[in-house]
Amino acid sequence: MKKSIQTVKGVREFYPEAMSLRNYLYEKVRGVSQAFGYQEWDGPFIETIDLYAAKSGEELVKKQSFTFEDRGGDLVTLRPELTPSLARMIAAKQNELTFPVRWWSFGPFWRYEQPQKGRTREFFQWNIDMLGVNSPEADAELIAVAAGFLRSVGLSPERAQIFVNNRRLMDSEFDALDIPPEKRLDVSNLVDRRTKMEPAKWDENARDLGLNQIQLDGLKGILGNFDLWKKNEELTRLFAALDALGVSEYVKFDPNIMRGLLYYTGTVFEAFETTGSLKRAILGGGRYDNLLADVGGQPLSGVGFAMGDVVIGIILQEAGLLPDFDLTPASVLVTVFDKSLLLKSYALASRLRQSGLKVMVYPEPAKLPRQFKFADKMKMKIALVLGPDEAANSQVAVKNLSSGEQVVVRQDAVIDTIRTMLG
RNA sequence: GUGCCUGUAGCUCAAUGGCAGAGCGCCACACUGUGGAUGUGGAUGUUGUGGGUUCGAAACCCAUCAGGCACCCCA
């Protein structure tokens with residue numbers, strides 16, 4: 001009994017209660033995606049490693065992917081992200097799709113990481129993208145979708161914020177500081193880590209990268225300048241659009257947001273919960289201008305973001321924002337009085353189901369207290385008893401389990417009685 | 001891939017080298033045609049797994065697996 005086979009490291013098992021959280025997130029995601037006119041789609045769950053090799057970043061491909069050889073000797077990967085599949089699928093139908101394309105998806109992904117709070121090796125992720133329009137207003141729409149989601153799950157602007165930056169803006173600032181192109185990636189990564197490092201240690205790392213004092217001071221000036229966006233046309237248009245979309249209270253400019261993925265070229269953004277213990281991004285995304293060309297399509301710009309189910313699930317749980325999920329599998333239990341009446345109970349349950357009710361029948365004769373306890377634990381609202389007395393008179397006893405009241409009615413009136421009790 | 005912490009009944013935890021326990025839950029009965037409340041009784045286990053030290057290990061040591069925290073990375 002104790003020798004059970006363990007689950008694979010970093011995966012979760014979805015018992016019914018966890019499943020209702022997953023479905024809740026799916027419904028909220030679908031709701032806000034459809035409200036903005038996005039269509040649901042999906043890609044394959046396994047892909048060749050080559051798809052990710054080009055642009056996803058070395059860490060993701062070489063260290064964090066589940067890659068294995070299939071029986072034919074080819075290297076395949078459990079997808080660690082969706083955007084490259086999106087780019088390929090768009091490129092394949094580039095001449096027949098109607099642009100702008102607005103697509104969303106919610107499905108499983110795998111990353112070979114060290115599991116910890118907010119990080120598992122198997123997770124579900126919402127992806128949503130718009131392709132074919134390159135404008136700050138399109139970027140603003142995606143940010144508004146993100147804000148709309150936060151709002152729909154009850155996360156107020158006081159509780160969750162979306163921080164926005166722009167890679168082109170940062171590049172021009174880096175140009176002004178004479179930071180050479182080959183150091184940009186390392187500098188970006190360092191910027192990403194600034195909030196979780198000791199200031200002195202951060203300075204030391206910056207000097208190790210070869211930044212001189214003037215560049216270091218300049219960099220710190222940039223990262224502390226939260227008005228930097230005002231001199232950038234993309235960002236001023238972005239914030240004007242966000243204002244029109246009614247979500248500006250959710251969004252702030254932050255020059256410290258860089259994001260790791262290589263394919264982002266313009267706007268980048270990440271959402272964080274601001275009050276809780278979890279310092280992980282709820283969602284993140286941005287604009288990618290070159291991805292389609294990289295997988296063999298005509299140049300086409302896109303913008304999108306992704307949200308994993310793990311972090312948002314923990315945040316909503318800890319904030320007490322989750323609704324009480326209705327775990328009742330059925331509203332009515334038909335009890336089985338004894339062996340001779342078993343099939344009469346089955347027939348009754350069947351008639352009730354045909355009228356659209358959710359009805360469970362106790363699967364074998366058992367003592368009534370046991371069957372009532374079962375109904376109670378399953379939080380069912382009504383229990384029916386079809387005993388010898390009722391059967392002899394074509395009747396059935398209908399008990400309201402929350403009030404304790406019980407009435408005996410004719411079998412042809414039982415549906416009305418149940419509907420009245422259920423309200 | 002690195003460092004630190006943790007692992008005892010279904011759950012939450014106690015027992016710090018000397019008989020493995022409590023609360024909750026579970027089961028039975030009070031109540032053989034009716035659940036929740038209450039009372040009484042009952043069952044829990046190879047102390048994550050494997051090895052070692054010891055007269056004696058849940059406890060100490062080593063390995064391993066899993067979880068957590070911090071790196072790394074990111075949804």
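Proteins come first, then strands; the chains are lettered A, B, ... in the order of their sequence lines, and each starts at number 1.
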### Task
Kindly say whether the aromatic ring centers of A:F109 and A:F124 come within a distance under 6.0 Å.
no

### Query
Side-chain donor or acceptor of A:D376 under 3.5 Å from a matching atom on the base of B:G35?
yes

### Message
Tell me the interatomic distance from A:Q114, atom CD, to B:C4, atom C1', rounded to whole angstroms.
### Response
13 Å

### Counterpart base for B:U47, defined by Watson-Crick or G-U wobble contacts under 3.5 Å
none

### Message
With no hydrogens and no angle check, just 3.5 Å: does a side-chain donor-acceptor pair link A:S402 and A:N400?
### Response
yes

### Query
Whom does B:A9 pair with, Watson-Crick or G-U wobble, provided both distances fall under 3.5 Å?
none

### Task
Could you tell me whether A:G404 contacts a base, only the sugar-phosphate backbone, or nothing, with contacts defined as non-hydrogen atoms closer than 4.0 Å?
base

### Message
Checking base pairs now: Watson-Crick or wobble, both atom distances under 3.5 Å. What partners B:A20?
### Response
none

### Task
Starting from P on B:A75, measure out to CZ on A:F124 and report it in whole angstrom.
18 Å

### Message
Suppose you measure atom P in B:A20 against the same atom in B:U44; what distance do you get, rounded to whole Å?
### Response
14 Å

### Task
Please state whether the base of B:A75 and the side chain of A:E113 form at least one donor-acceptor pair under 3.5 Å?
yes

### Message
Can you confirm whether or not the ring centre of A:F123 sits under 6.0 Å from the ring centre of A:W110?
### Response
no

### Query
Checking A:R30 against A:F106: charged group under 6.0 Å from the ring centre and within 45 degrees of the axis?
no

#### Entry: Pairwise P distance, B:C31 and B:G50 [rounded to whole Å]
48 Å

### Message
Can you work out whether A:V8 or A:V385 has the more 5'-proximal nearest nucleotide on RNA chain B?
### Response
A:V385

### Message
When the C1' atoms of B:G41 and B:U53 are compared, how many Å lie between them, rounded to an integer?
### Response
44 Å

### Query
Under 6.0 Å between ring centres, would you say that holds for A:W126 and A:F149?
yes

### Query
Is there a Watson-Crick or G-U wobble partner for B:A70 with both distances under 3.5 Å, and if so, which one is it?
B:U2

### Task
Examine the side chains of A:T67 and A:T77 and answer whether a donor and an acceptor come within less than 3.5 Å of each other.
yes

### Message
What's A:F109 touching, base or sugar-phosphate or nothing? Going by heavy atoms closer than 4.0 Å.
### Response
nothing

### A:K367 side-chain N/O to B:U32 phosphate OP1/OP2 under 4.0 Å
no

### Task
Check whether the side chain of A:Q371 and the base of B:U34 form a donor-acceptor pair under 3.5 Å.
no

### Query
Does the side chain of A:K381 get closer than 4.0 angstrom to OP1 or OP2 of B:G36 through an N or O atom?
no

### Task
Give A:A281 one of three labels, base, sugar-phosphate or nothing, depending on what nucleic acid heavy atoms sit under 4.0 Å from its own.
sugar-phosphate

### Query
Does a side-chain N or O from A:R370 land closer than 4.0 Å to OP1 or OP2 of B:U34, or not?
no

### Summary
Between A:S403 and A:Q125, the residue closer to the 5' end of RNA chain B by nearest nucleotide is A:S403

### Query
What nucleic acid atoms does A:L401 come within less than 4.0 Å of, heavy atoms only: base, sugar-phosphate, or nothing?
base

### Message
Using a 4.0 Å heavy-atom cut-off, does A:K373 contact any base of the nucleic acid, only the sugar-phosphate backbone, or nothing at all?
### Response
sugar-phosphate

### Summary
Taken to the nearest whole Å, CD/A:E17 to P/B:C11 is 15 Å

### Message
Determine whether the aromatic ring centres of residues A:F239 and A:W229 are separated by less than 6.0 angstrom.
### Response
yes

### Query
Side chain of A:R280, base of B:A75: donor and acceptor closer than 3.5 Å?
no

### Message
Let's test your reading of the model: under 3.5 Å, does the base of B:G33 pair with the side chain of A:E390 as donor and acceptor?
### Response
yes

### Summary
Whole-Å distance, A:W104 CH2 to B:A75 C1', equals 16 Å

## Note on the structure
Here the distance between atom P of B:G67 and atom CD of A:E122, to the nearest Å, is 13 Å

### Message
Considering every strand and a 4.0 Å limit on heavy-atom distances, what is the contact class for A:P388: base, sugar-phosphate, or nothing?
### Response
base

### Message
If you only use heavy atoms from C-beta on, which nucleotide in B:A66, B:G35, B:A75 is closest to the side chain of A:F372?
### Response
B:G35

### Query
So, do A:F123 and B:A75 meet the stacking rule of ring centres under 5.5 Å and planes under 30°?
yes

### Message
Does either side chain, that of A:N166 or that of A:E234, offer a donor lying less than 3.5 Å from an acceptor on the other one?
### Response
yes

### Message
Need one value for A:N127: base, sugar-phosphate or nothing, where a base atom within 4.0 Å counts as base even if backbone is also close, heavy atoms only.
### Response
nothing

### Query
How far does the P atom of B:U12 sit from the matching atom of B:G7, given to the nearest Å?
13 Å

### Query
Using a cut-off of 4.0 Å on non-hydrogen atoms, how would the nucleic acid contact of A:T335 be classed: base, sugar-phosphate, or nothing?
nothing

### Message
Using Watson-Crick or G-U wobble geometry with both distances under 3.5 Å, which nucleotide pairs with B:C31?
### Response
none

### Message
If I pick the P atom on B:A66 and the same atom on B:U49, what distance separates them, to the nearest angstrom?
### Response
15 Å

#### Entry: Partner nucleotide of B:A37 by Watson-Crick or wobble geometry (both distances under 3.5 Å)
none

### Under 4.0 angstrom between A:K377 side-chain N/O and B:C26 OP1 or OP2
yes

### Task
Describe the nucleic acid contact of A:I312 in one word from base, sugar-phosphate, nothing, applying a heavy-atom distance below 4.0 Å.
nothing

### Message
Quick check for you: among B:G35, B:G68, B:G33, whose closest atom lies nearest to any side-chain atom of A:L368?
### Response
B:G33

#### Entry: Separation of B:C72 P from A:Q116 CD (nearest whole Å)
11 Å

### Message
Regarding A:G10, tell me which of base, sugar-phosphate or nothing describes its non-hydrogen contacts under 4.0 Å with the strands shown.
### Response
sugar-phosphate

### Query
Roughly how many Å is it from CD in A:E270 to P in B:A75, rounded to a whole number?
7 Å

#### Entry: Interatomic distance at C1', B:G17 relative to B:C11, whole Å
29 Å

### Task
For nucleotides B:C13 and B:C61, find the distance between their P atoms and express it as a whole number of Å.
23 Å

### Query
What's the NZ-P distance between A:K117 and B:A66, to the nearest Å?
21 Å

### Task
Determine, step by step, whether A:Y288 and A:D129 satisfy the side-chain hydrogen bond (donor to acceptor under 3.5 Å, both in side chains) criterion, reporting the C-alpha distance in whole Å, the side-chain angles of both residues, the deciding distance to 0.1 Å, and the verdict.
CA-CA 10 Å; A:Y288 43 91; A:D129 294 271; 2.6 Å; yes

### Query
Expressed as a whole number of Å, how far does the C1' atom of B:A58 sit from that of B:U16?
10 Å

